[in-house]
Amino acid sequence: DTGVSQDPRHKITKRGQNVTFRCDPISEHNRLYWYRQTLGQGPEFLTYFQNEAQLEKSRLLSDRFSAERPKGSFSTLEIQRTEQGDSAMYLCASSLGFNNGETQYFGPGTRLLVL
Amino acid sequence: AQSVTQLGSHVSVSEGALVLLRCNYSSSVPPYLFWYVQYPNQGLQLLLKYTSAATLVKGINGFEAEFKKSETSFHLTKPSAHMSDAAEYFCAANYGGSQGNLIFGKGTKLSVKP
């Protein structure tokens, strides 16, 4: 069990550019979540996969955001035409099971800075 | 709307003193409740969770939390603070439904003075 990993850990980009982040969940975990954390706030839910199916998207996830989880393994989060307001820490979490009480294990996050 | 409220964005204690971090949830139906800790530039690590099995929940690093339905609270305590406890602490709730996502409080930054 190597834990949840995320790549890259840091990303600096210019406004208007596209960025893509990757999350590798704990092996065999069927659920995968993306959260966004801004300075001084708790993480906010973005989207959720059960296996390869994207089951829920927050209203925070504008049309510029897209997430995939092909084959129910790793996931990618893409932000198109980045804006300065997208600057945040993007956290990925995974869990095993179908019970909402299951523990979500978090990765180290990808810190995005949009100039 | 379902929410989690953490009273006090910053708490400062002396080493060896009691740590008390407050958390209240908003629903009349008790959700699943979690406390996570976040060290600088790191992800979140689970301290403990409440899933209705017991009202007093023991976690890692000497932390525990008590679920009180009458007060809709899930406060986190540690009898004796250690310098290594300095971090940000987040209370989170899963209110159920189809998505299973966590709703987080805004966090409480704990400082420990020598």
Side-chain angles (χ1 to χ4, degrees), chain A residues 3-10 21 23-26 29-51 53-61 67 89-111 113, chain B residues 1-10 21 23-27 29-54 57 59-60 67 74 87-109:
Chain A
V4 179
S5 61
Q6 293 187 244
D7 185 69
R9 294 290 307 275
H10 303 274
F21 309 141
C23 170
D24 286 89
I26 294 173
H29 277 194
N30 57 322
R31 291 186 172 187
L32 188 148
Y33 304 81
W34 284 98
Y35 293 85
R36 181 175 70 185
Q37 184 180 20
T38 53
L39 205 61
Q41 301 293 321
E44 295 174 293
F45 169 71
L46 291 178
T47 191
Y48 151 60
F49 292 85
Q50 183 151 301
N51 299 312
Q54 188 174 16
L55 296 186
E56 190 75 19
K57 289 192 284 188
S58 162
R59 58 179 173 78
L60 293 175
L61 213 67
M89 173 82 89
Y90 290 84
L91 294 164
C92 175
S94 70
S95 67
L96 176 64
F98 300 93
N99 183 324
N100 287 337
E102 301 297 338
T103 298
Q104 294 184 23
Y105 295 89
F106 283 80
T110 294
R111 186 171 294 281
L113 178 61
Chain B
Q2 295 162 337
S3 63
V4 173
T5 303
Q6 291 184 242
L7 287 177
S9 59
H10 194 176
L21 305 181
C23 172
N24 289 87
Y25 62 92
S26 64
S27 173
V29 177
Y32 296 109
L33 293 161
F34 304 80
W35 275 99
Y36 283 88
V37 60
Q38 186 176 36
Y39 296 98
N41 298 314
Q42 293 187 25
L44 282 75
Q45 180 185 5
L46 180 73
L47 282 176
L48 49 81
K49 68 177 182 181
Y50 167 77
T51 56
S52 78
V57 181
I60 62 171
F67 171 76
F74 190 55
E88 189 148 25
Y89 292 79
F90 292 94
C91 182
N94 186 319
Y95 286 97
S98 61
Q99 64 269 35
N101 61 284
L102 295 172
I103 296 175
F104 285 86
K106 291 189 175 182
T108 297
K109 187 171 182 179

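Values in this document were obtained by computation on a predicted structure and should not be read as measured data. Reminder, nothing fancy here: chain letters follow the sequence lines and each chain counts from 1.
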Heavy atoms from other residues, nucleotides or ligands near CZ of A:F49 exceed 12 (cutoff 6.0 Å) | yes
If you round to the nearest 0.5 Å, how far is OH of B:Y32 from OG1 of A:T103?
-> 11.5 Å
Side-chain donor-acceptor distances from residues 37-47 of chain A under 3.5 Å, at least two apart:
unit_1	atom_1	unit_2	atom_2	d
A:Q37	OE1	B:Q38	NE2	3.1
A:Q37	NE2	A:Q41	O	3.2
A:Q37	NE2	B:Q38	OE1	3.1
A:T47	OG1	A:Q54	NE2	2.7
A:T47	OG1	A:E56	O	2.7

What's the spacing between B:Q42 CD and A:R9 CZ if we round to 0.5 Å?
-> 7.5 Å
Can you name the nearest heavy-atom pair linking A:Q104 to B:N101, along with the distance?
-> NE2-CA, 4.2 Å
Examine whether an atom of B:Y36 lies under 4.5 Å from a heavy atom of chain A, and if so say whether it belongs to the side chain, the backbone or both; otherwise answer neither.
-> side chain
Identify which part of B:L44 has an atom lying under 4.5 Å from any heavy atom of chain A, answering side chain, backbone, both or neither.
-> both
Residues 1-9 of chain B side chain polar contacts: donor-acceptor under 3.5 Å, at least two apart:
unit_1	atom_1	unit_2	atom_2	d
B:Q6	OE1	B:C91	N	3.0
B:Q6	OE1	B:G107	N	3.1
B:Q6	NE2	B:Y89	O	3.0
B:Q6	NE2	B:T108	OG1	3.4

pair A:Y35-B:L102: side-chain heavy atoms closer than 4.5 Å | yes
